[in-house]
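First comes the structure, then the notes that go with it.
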Amino acid sequence: MTEEFLRYIESERRYSARTCAIYRDVLESFYKFQYPEADALTEGQEKEALKYSCLRAYTAYCLENGLSARTVNLHLSALSSYCRWLVRQGVLASNPVRRVIRPKEHRRLPEFYTEGALTRLLDSKGLDGSGTASSQMSFHDYRNAMIMLILYTTGMRRSEIVSLRCVDFDPDRRVFTVLGKGDKMREIPVPISVCDEILLYLKRIKTEFPEARDNGRFFLTDSGAPLYPEFVNEAVHEELDGVEGFSGKKSPHVLRHSLATHLLNKGADLNSIKEILGHSSLATTQVYTHTSLEQLKNTYLTAHPRAKNGGNYED
């Protein structure tokens, strides 16, 4: 049953290879816990293990072996998806995972870079649409700088940057069309100055790689090959390593967090940020509300009746 389920999420649900691998690992771990000596399981054994008591025991086992609450909940989510599929197949009458009490997670606040640090970095690259960067920088340096600019401007995921094509940018409407998680399409608006720089970058691509077609990949390696995920990580790390204002983790995802944080602090509403980032749930976007404390404080002090004249109340 597990193999049929894994084929289903890969071919029909179109889950990413990484997600499918995680689901496989979870199912193998779960059944290995239930039947440690078995090399192969029958469908009856697989079904028998999917009982509330077995699932609760597996949850305790994972926690006792040092897995974080977040990882255990990920395991339970994968098992729940599997059980929901079995219910639709008529194998199970109900989803037993729903009865399992999930361990409480300590919410990790997203890391982000300051707006000032990112502004100084991007300004130093000359990415203002004037043509300075495109004409004076090597392709390697220019491409890496553009990766930084697009990641921060659009909040795209690393996987979206890797699969981005030249035709995904519409200069007339000034938007990127992005295929995100779950094959969901969304449009991301782009500021005019960034649009100008993108057009210069696309011209540079055609100059460096004349054989590249208009519907080819937006970002290419130094040899003209399509990017891969680790390449994006390395490009971001290269751009931020040793630069003042960028301590801590240096990754594409922190740039995504940074955009969301800065938009919220500038007054953008959560629903708009949700659409730009491609979140399926508003709850995912709400994690960024912690960053607007300074804005909340300013609003509070401006509006509070006893906060007039710097807090000195007068009739």
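Here the structure is a predicted model, which means the values were calculated and not measured.
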One thing to verify: whether Glu244 and Arg120 come together as a salt bridge, which I'm taking to mean a side-chain N less than 4.0 angstrom from a carboxylate O. no
Check for me whether the distance between the ring centres of Phe30 and Tyr61 falls short of 6.0 Å. no
Can you find a pair of side-chain heavy atoms, one from Glu238 and one from His140, that are under 4.5 Å apart? yes
Lys32 side-chain N/O to Pro36 backbone N/O, donor-acceptor pair under 3.5 Å: yes
With rounding to the nearest 0.5 angstrom, report the CD1 to NZ distance, Ile198 to Lys203. 13.5 Å
With a sphere of 6.0 Å drawn around NZ of Lys250, does it hold more than 12 non-hydrogen atoms of other residues, nucleotides or ligands? yes
We want to know whether Arg99 and Ser94 form a side-chain donor-acceptor pair, criterion being a heavy-atom distance below 3.5 angstrom. no
Candidates Ile188, Val190, Asp170 - the one meeting side chain to side chain contact (heavy atoms under 4.5 Å, CB included) with Val175: Asp170
Flag if over 12 foreign heavy atoms under 6.0 Å of CZ, Arg14: no
Start with the C-alpha distance between Glu197 and Lys125, add both sets of side-chain angles, then the distance that settles salt bridge (Lys or Arg N to Asp or Glu O under 4.0 Å), and finish with yes or no. CA-CA 11 Å; Glu197 194 64 53; Lys125 304 290 183 180; over 6 Å; no
Is the backbone of Ser258 close enough, under 3.5 Å, to the side chain of His262 for a donor and an acceptor to pair up by distance? yes
Could you tell me which non-hydrogen atom of Ser80 sits nearest to which non-hydrogen atom of Arg102, and how far apart they are? CB-NH2, 4.0 Å
Please test Met148 against Leu127 for side-chain contact (heavy atoms from CB on, under 4.5 Å), starting from the C-alpha separation and ending with a verdict. CA-CA 10 Å; Met148 290 287 300; Leu127 301 172; over 6 Å; no
Do the side-chain N and O atoms of Tyr82 and Glu46 include a donor-acceptor pair separated by under 3.5 angstrom? yes
Run the ring-centre check on Tyr152 versus Tyr113 and record whether the distance is less than 6.0 Å. no
To the closest 0.5 Å, what do you measure between NZ (Lys184) and NE2 (His279)? 11.5 Å
With a 4.5 Å limit on heavy-atom distance, are the side chains of Phe219 and Phe231 in contact? no
Straight-line distance of Asp241 CG to Glu234 CD, nearest 0.5 Å: 12.5 Å
Side chains of Glu48 and Tyr35: closer than 4.5 Å at any heavy-atom pair? yes
Quick check: is Leu67 connected to Tyr58 through a chain of hydrophobic side chains (ILVMFWY, heavy atoms under 4.5 Å apart)? yes
Walk me through whether Glu3 and Arg24 qualify under salt bridge (Lys or Arg N to Asp or Glu O under 4.0 Å). CA-CA 9 Å; Glu3 289 301 324; Arg24 178 180 291 278; 2.8 Å; yes
Decide yes or no on side-chain contact (heavy atoms from CB on, under 4.5 Å) for Leu263 and Ile276, but give the supporting numbers first. CA-CA 10 Å; Leu263 286 174; Ile276 288 173; 4.3 Å; yes
Distance from Leu202 atom CG to Ser134 atom OG, nearest 0.5 Å? 11.0 Å
Are Leu76 and Leu74 linked, directly or through other ILVMFWY residues, by side chains that come within less than 4.5 angstrom of each other? yes
Backbone N or O of Cys20 within a donor-acceptor pair of the Glu10 side chain at under 3.5 Å? no
Which pair of heavy atoms, one from Leu50 and one from Cys83, lies closest together, and at what distance? CD2-SG, 3.9 Å
Applying ring pair (Phe, Tyr, Trp, His ring centres under 6.0 Å) to Phe169 and Tyr201, what does each step give before you reach the verdict? CA-CA 12 Å; Phe169 174 64; Tyr201 170 77; over 10 Å; no
What I'd like to find out is whether the side chain of Tyr52 reaches to under 4.5 Å of the side chain of Val100, using heavy atoms alone. yes
Approximate separation, where rounding is to 0.5 Å, of Thr2 OG1 and Tyr8 OH: 15.5 Å
Given the rule in the side-chain contact (heavy atoms from CB on, under 4.5 Å) test, do Ser81 and Trp85 qualify, once you have shown the distances and angles that lead to the verdict? CA-CA 6 Å; Ser81 295; Trp85 179 78; over 6 Å; no
Does some side-chain heavy atom of Leu79 sit less than 4.5 Å from a side-chain heavy atom of Val26? yes
Checking side-chain contact (heavy atoms from CB on, under 4.5 Å) for the pair Thr207/Phe139: CA distance, chi angles, key distance, verdict? CA-CA 10 Å; Thr207 301; Phe139 175 74; over 6 Å; no
Would you indicate whether Glu28, at its atom CD, is surrounded by more than 12 heavy atoms from other residues, nucleotides or ligands within a distance under 6.0 Å? yes
Report yes or no: does Arg174 contribute a side-chain atom to a donor-acceptor pair with the main-chain N or O of Pro189 at less than 3.5 Å? no
Could you check whether Arg56 and Thr59, counting side-chain N and O atoms only, form a donor-acceptor pair closer than 3.5 Å? no
What are the two closest non-hydrogen atoms of Pro171 and Leu199, and how far apart are they? CB-CD2, 3.9 Å
Over all atoms of both residues, closest heavy-atom pair of Thr177 and Met185: CG2-CE, 3.2 Å
Checking Arg7 now: which residues fulfil salt bridge (Lys or Arg N to Asp or Glu O under 4.0 Å) with it, not counting sequence neighbours? none
Counting only heavy atoms not in Arg88 (residues, nucleotides, ligands), do more than 12 fall under 6.0 Å from its CZ? yes
Could you check whether any side-chain heavy atom of Ser163 comes within less than 4.5 Å of a side-chain heavy atom of Leu179, counting everything from C-beta outward? no
Heavy-atom distance under 4.5 Å between the side chains of Arg143 and Asp222, does that happen here? yes
Over all atoms of both residues, closest heavy-atom pair of Arg217 and Pro226: NH1-CB, 3.8 Å
Taking every heavy atom of Arg157 against every heavy atom of Glu160, the minimum-distance pair comes out as NH1-OE2, 2.6 Å
To the closest 0.5 Å, what do you measure between CZ (Phe176) and CD1 (Ile150)? 4.0 Å
Keeping Arg165 on the side-chain end and Phe218 on the backbone end, is there a donor-acceptor pair under 3.5 Å? no
Taking the side chain as C-beta and beyond, is there a heavy-atom pair between Val236 and Ser251 under 4.5 Å? no
